[in-house]
There are 2 protein chains.
Amino acid sequence: MPEIDTCEISFIDENKVKAVQRNIPLEGTVNQLSVIFKLMGDPTRLKIILALSMEELCVCDIALLLGLTRSAISHQLRLLRGPRLVKFRRAGKLVYYSLDDQHVKHLLKDGLEHLSD
Amino acid sequence: MPEIDTCEISFIDENKVKAVQRNIPLEGTVNQLSVIFKLMGDPTRLKIILALSMEELCVCDIALLLGLTRSAISHQLRLLRGPRLVKFRRAGKLVYYSLDDQHVKHLLKDGLEHLSD
DNA sequence: ATTACGAGTGAACAATTGTTCATATGTTTG
DNA sequence: CAAACATATGAACAATTGTTCACTCGTAAT
């Protein structure tokens, strides 16, 4: 038998919902924010970020560190460059990457603290 | 012609790499951490988390708030329950969800700050 | 007990993602 | 310029993911 899986009755608590609705960031902001978290949500990229939180490193060394090809690392660094999680500088044939700002470190710290509660 | 895409030469800067290698968290910790970030990296789940950072809400109201089915929300909340990002309590037929601890709020704050730099 | 309804679950599908392979850039050195 | 090498990129593939659909579970009320 057909069944509609949406709440036919209105809100359980309309006031709360309306208040939340007003205070949720704009769609665009939420999406940008989710991009940041999604990028940090892959083990390979997270290791890259953790490594860069300690030392500025070139692509080749990151690849060796993680046991992946330079190509794979390059692809991931490209993604991280987009929303400015990492920055880079050229030094001859090498390209050195580092974290772009301090917030990323804070995210790492808060995340690690959550794990040990 | 066949080509091997791994650094045949050793590390560019072996000391730095070794130091980083020693200080990177254990594989398991990195994975757990990446799970947290990945969960926050989906717009739907992030909106749920943002909503719950303001108010305790039942599944039905979250579904209405986001314009998705209760089933979809239920699936996502199940994922968020795993690593204890959210907790819940029953109240009759309703189940109310809220953030499990304060670290998640900090993660939201740091992330939003990163966006406005 | 039966009905009603909010919440949870499993299967399935389209869409997205991470890596590899092959090739292209760009820079330094001969 | 040509060769060597670090990095970047595009296409393609398998693997993962988010939502929907259909159904079940749990609680409350008649």
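Proteins come first, then strands; the chains are lettered A, B, ... in the order of their sequence lines, and each starts at number 1. All figures in this text were calculated on a predicted structure; none of them were measured in a lab.
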Distance from [X] atom [atom1] to [Y] atom [atom2], nearest 0.5 Å?
X        : Y        : atom1 : atom2 : value
B:Leu46  : A:Leu33  : CG    : CG    : 4.5 Å
A:Ile62  : A:Tyr96  : CD1   : OH    : 10.5 Å
A:Lys105 : A:Asp110 : NZ    : CG    : 14.0 Å

[X] [atom1] to [N] [atom2]: how many Å, rounded?
X       : N      : atom1 : atom2 : value
B:Met40 : D:dG18 : CE    : P     : 14 Å
B:Asp42 : D:dT16 : CG    : C1'   : 13 Å
B:Leu39 : D:dT17 : CG    : C1'   : 12 Å
A:Leu80 : D:dA8  : CG    : P     : 12 Å
B:Arg89 : C:dG6  : CZ    : P     : 17 Å
B:Leu77 : C:dA7  : CG    : C1'   : 10 Å
A:Asn31 : C:dT16 : CG    : P     : 13 Å
B:Phe37 : D:dT17 : CZ    : P     : 17 Å

May I ask you to verify if any side-chain N or O of [X] is less than 4.0 angstrom from the OP1 or OP2 atom of [N]?
X       : N      : value
A:Lys38 : C:dT16 : no
A:Arg45 : C:dG18 : yes
B:Thr44 : D:dT19 : yes
A:Arg70 : D:dA6  : yes

Just compare [options] and give me whichever is closest to any side-chain atom of [X].
X       : options               : value
B:His75 : D:dT9, C:dG8, C:dT9   : C:dT9
A:Gln76 : D:dT19, D:dC5, C:dG18 : C:dG18
B:Lys93 : D:dT19, D:dA6, D:dA28 : D:dA28
A:Ser71 : C:dA22, D:dG18, D:dT7 : C:dA22
B:Leu68 : D:dT20, D:dT9, C:dT9  : D:dT20
B:Arg78 : D:dT9, C:dG6, C:dG10  : C:dG10

Upstream residue (5' side of DNA chain C) when A:Arg90 and A:Leu79 are each assigned their closest nucleotide: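 Nearest nucleotide further toward 5': that of A:Leu79.
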
How do B:Tyr96 and A:Gly67 order along DNA chain C: which one's closest nucleotide is nearer the 5' end?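 Taking each residue's closest nucleotide, the earlier one in sequence belongs to B:Tyr96.
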
For the pair B:Phe37 and A:Phe37, name the ring-plane relationship: parallel under 30°, tilted 30 to 60°, perpendicular over 60°.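 The arrangement is parallel - the two ring planes meet at less than 30°.
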
Can you check whether any acceptor in the base of D:dT19 is under 3.5 Å from a donor in the side chain of B:Thr69, or vice versa?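 There is none.
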
Any side-chain heavy atom of A:Gln32 sitting closer than 4.5 Å to one from B:His114?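 Counting from C-beta outward, A:Gln32 and B:His114 never come under 4.5 Å.
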
salt_bridge(B:Glu56, B:Lys87) N-O dist < 4.0 Å: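 No, B:Glu56 and B:Lys87 are not salt-bridged.
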
Closer to the 5' end of DNA chain D via nearest nucleotide, is it B:Gly41 or A:Arg81?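 Between the two, 5'-proximity favours A:Arg81.
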
Taking any heavy-atom pair under 4.0 Å as a contact, classify A:Tyr97: base, sugar-phosphate, or nothing.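 Sugar-phosphate: the residue A:Tyr97, judged by heavy atoms under 4.0 Å, touches backbone atoms but no base.
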
